[in-house]
Amino acid sequence: MASINRHMSGFLSVIFLLVTFSLAESRLYEDFKTFEQHVYDKKTRCEIHKLDKVSWSESGEKGYAMNCSDLRLNNTPKSYPPLNKTRPHLSPPLRLLNLSHNTFKTIKNNSFVNVRNMNSSDVMWLYLNFCNISFIDSNAFVNLSSLINLNLTGNNLVNLNSFGPGVFKPLISLGNINFYGNNFTTFEGLGTELKFLKNLSGLFIDLCENCTFGEGFETLTNLKNLSLSSFTDNSCNSPFIYNDTFENVSMIERLNVGNCNVRKIEPGAFSPLKNLMHLDISYNEDLEFDGMNTALFGLQYSTTLKILNVKRIHSLYGLGVMLTKDNMENLKTLLVLEELYMDMNKIEIFQESVLYPENTFPKSLSFFALSGNRLSISNYTLRLKNVTSVKILDISRQHLDYDPFLFEHVGHRNALPAVHDSHNLDQTFHCNCSAIGVICLPNNITSIKWRKSFLWLEIEKMHNNLPFMLICGATSLVQLDLSFNLITRWNGHILGLDNLNDLDLSENLCGEADPDFFKSFPKLRILNISGNSLGNAFTEQKASLLFQNLSKLNVLDMSCNKLKVVPDKMFEDISNITHLYVSGNLLTQWNSSLEKHRCLQMLDLADNKISRLEKETLTYLDSLTNESCYTNITVNLTNNPLDCACPNLYLLKWIRKSNIFVRVNSDCSINAQKYAIRNRTELDAIIDLLENDVCKVIDKPWITWMTSVVSVVCTGIITISACFLVHKHRWKLRYLYYSRHRRHVVEGYDRIFQYDAFVSYAQVRSGFLKRVVVPMLEETHGLVTWVYDKNSLPGISTAENITHAINNSKKCVLLVNREFLADSWCEYETNMALVESIIARRDMIIVVMMEPIPMLELPNYLQRLLLSVRSLEYPEHGQDENTFWMNLADEINT
Ligand SMILES: *[C@@H]1O[C@H](CO)[C@@H](O)[C@H](O)[C@H]1NC(C)=O
Ligand SMILES: *[C@@H]1O[C@H](CO)[C@@H](O)[C@H](O)[C@H]1NC(C)=O
Ligand SMILES: *[C@@H]1O[C@H](CO)[C@@H](O)[C@H](O)[C@H]1NC(C)=O
Ligand SMILES: *[C@@H]1O[C@H](CO)[C@@H](O)[C@H](O)[C@H]1NC(C)=O
Ligand SMILES: *[C@@H]1O[C@H](CO)[C@@H](O)[C@H](O)[C@H]1NC(C)=O
Ligand SMILES: *[C@@H]1O[C@H](CO)[C@@H](O)[C@H](O)[C@H]1NC(C)=O
Ligand SMILES: *[C@@H]1O[C@H](CO)[C@@H](O)[C@H](O)[C@H]1NC(C)=O
Ligand SMILES: *[C@@H]1O[C@H](CO)[C@@H](O)[C@H](O)[C@H]1NC(C)=O
Ligand SMILES: *[C@@H]1O[C@H](CO)[C@@H](O)[C@H](O)[C@H]1NC(C)=O
């Protein structure tokens, strides 16, 4: 015992010594820092830059920028580096001075007077953001007579006392002043200071609680843009907006009070704003549609308001929302409203009367965004039809994205009316047509975005040549975006889209396509069918008919479709094509005949397995340069295993000499050695090597090659057949093996689990798990999780640990990211969970997509899984994270 104690104390003293050393070292470091500071103060390390594009054009295409940010300066520099003669492209005057992220605390008098190497009256942009400034002296800005932008974001300015009197007088040209992220507690008197800024057109300042724009502001006659919230931080906080808040700023044209925690806007608050053209009250989640209506009271019959943004003015929690007639009382009176953003408000339905002719949306409305709501198809398509003026409609992400609907069970997808409902539909839609499914659109609509809505539809071929669906009122529709849905079969005919120009059906997991379907769009110019699985759909006979009615097509994107071959006659009828994208497929050769296609500009074959282009193809491409429609032609061969064997030398030489721009960025091997072809020089070197060396030597006899290939193939086949049976049932076998003694026999709802959730994640992300996931689920939401690093028992194999844990967990949460896909244990866990959910009939898998990964990049087992289980998406925006964790905890608990 004693000896242990002695060891212990020895050990402790070593630690003590170490600590002392490190303390000493850190003191040394402090000294070093003050030394450094000194050097900085004497000779600032400011850097000279080009102006950015906007500033460049605004300052008459001359001048340069000085960047002194983040140099720990305590005072504004009295001397700046001279313009370096070795950089002739920079010319005076100095226009932009960036002094941000320093520690000035106060801006003293004459800070910009008598400064070496800078003419203060030239400076147009001055950045003083995040400089700890709490006071600006009266004469601080003397000489800055050309300044148009002053950025004071993120300082400690709190009220009138933060400024010396008359501080803004010298800034006679100032157009924009930015006070975001300060801590103003009142605007009292601010107007009397700012009133000297006769040219001020933009004021950026967080709206503080109970603050009003008082006297002095009325003299700012040029003020057009009043922006009271920056969206990037949450520093704007103003639960109430009163009748007198904007009394003195009646001249403004643009008002932003988004993301300000606004709960109530008094009915008269906006009435002084007779010139208002653009109003943003989005992201005030307690405002709701009722509050919106009250707020708009002051703008009734406005003849100026053109843009209204009321995105996400409902909280994320709670029930779906019905947009009622009463909500629309004031909105409908707006006489010139053109754009309305109502996204992410959980709207489930419109009250029927909302769209009665007498209370409908303003007649001038042409852009209507409703994305991220919960609209379900039958009811809103019907009602929207009466908003006749709408030209562009965005109804993407219904039930989706970074709002709660995102977290909905995938199984509750919107389904278009099924075929056998045809009778019903005729009644519901008051439509006198005999098609199978009918959808009526507003008459003047030109563009619809309906992406990412899990729209689930199989377009089938009907007997009697009936169209599968009839879209009425779509005569003006030219653009339709249905990407990222689940429209998995394109077989039937659709009537009513005759004028469609641009159709996007990418990422729909479609595996079937019939010529009948494409007949529906005779005027199509742009067709995007990338990211589907059409590899097997393009059979030889079908393919040649597929595009026969699309003679006007200019752009065709079939990339990422698992195409192994492109049938020869596929493009015969679309000879007007200019851009053809076939990248990301499995093509081993390209010999589709494109003879008649005289205006081709882009042939994208990147990311295939093409080793060579035939001589005919090259001749064809060369011949295009004589056409009248010839403009630069690009052929993209990036990431193809180009063959550098002697028979292919002609291709390499052609690439070098042709007028066609060929992008090559790949490796090719010569005598088992890899050579990169990325640029002209490398290409030259390879051609040289082939011409002068390799191709002069006679090739090895082919028999040697053949025998070795044959023997490898035979061994392979035997092994594969032997493994096949075991492989096919591998998951079940492993499951049965590892779970042999472990399973509880209790089934059904009463089963009590040891853990709430088994969390599967890529090993490389275990830091995130430890830091975020486990604390969130365990501490914040009181769940018990099983995590490999934390819970695995020693002495048992990983496989057994996992199987046991899955058996004893209520839910299995898969945190899917790209690393997850690459981690073989993750695949193991997923499959074990699948087997468990099937064998024990438990609905236990929850998939969390940690990053957006296109469906096609997911392995098959995950694609299938995603179609049948709960899935959530990890939010892109930090502010939605809490909601996400709450939803995940809910999912685990249900
Ligand atoms: C001018 O700039 C070059 C490189 O940017 C630098 O090496 C040189 O020291 C500078 N000369 C002066 C006088 O600052
Ligand atoms: C002010 O600075 C902030 C932070 O660097 C920046 O985000 C903002 O765009 C600037 N505003 C203006 C008007 O220059
Ligand atoms: C802003 O002021 C309030 C009260 O006046 C204070 O509680 C808060 O810490 C201040 N915020 C900052 C960033 O200084
Ligand atoms: C703002 O006004 C409301 C009601 O008049 C009052 O309850 C609240 O305390 C005030 N807030 C501040 C910071 O003065
Ligand atoms: C605000 O203005 C509205 C409409 O002019 C009026 O009905 C209301 O009484 C006013 N509120 C207050 C507190 O004065
Ligand atoms: C739509 O408008 C038409 C014609 O103005 C009208 O007859 C019909 O009742 C309206 N439908 C709805 C649901 O309000
Ligand atoms: C949709 O409309 C039909 C008929 O107008 C109505 O019976 C049904 O309740 C509506 N659905 C929802 C979810 O409101
Ligand atoms: C919409 O189309 C109708 C004809 O269907 C036309 O009378 C009306 O003027 C159009 N409205 C707008 C705003 O273009
Ligand atoms: C082909 O395209 C050109 C220009 O884009 C156009 O003038 C011509 O009419 C088109 N031909 C057909 C058959 O659509």
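Predicted model only: the values in this text are computed from it and were never measured. Atoms within each ligand, like the ligands themselves, are counted from 1 in listed order.
Residue-environment remark: NZ (Lys770) stays at or below the threshold of 12 foreign heavy atoms within 6.0 Å.
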Write none if no such pair exists; otherwise list each N/O atom of ligand 5 with its protein N/O partner under 3.5 Å and the distance.
residue, atom, partner, partner atom, Å
ligand 5, 2 (O), Asn243, OD1, 3.2
ligand 5, 2 (O), Asn243, ND2, 2.3
ligand 5, 11 (N), Asn243, ND2, 2.8
ligand 5, 14 (O), Asn243, ND2, 3.4

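Partners of Ser55 according to the side-chain hydrogen bond (donor to acceptor under 3.5 Å, both in side chains) rule, which considers only residues two or more places apart in sequence or in another chain, are Asp52. Applying the side-chain hydrogen bond (donor to acceptor under 3.5 Å, both in side chains) test to Ser271 and every residue at least two apart in sequence or in another chain returns nothing.
Aromatic ring centroids of Phe367 and Tyr341 lie under 6.0 Å apart.
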Validation: residues 260-268 side-chain donor-acceptor distances under 3.5 Å, sequence neighbours left out:
residue, atom, partner, partner atom, Å
Asn261, ND2, Asn237, OD1, 3.3
Glu266, OE1, Asn243, N, 2.9

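A heavy-atom distance below 4.5 Å is found between the side chains of Ile392 and Thr446.
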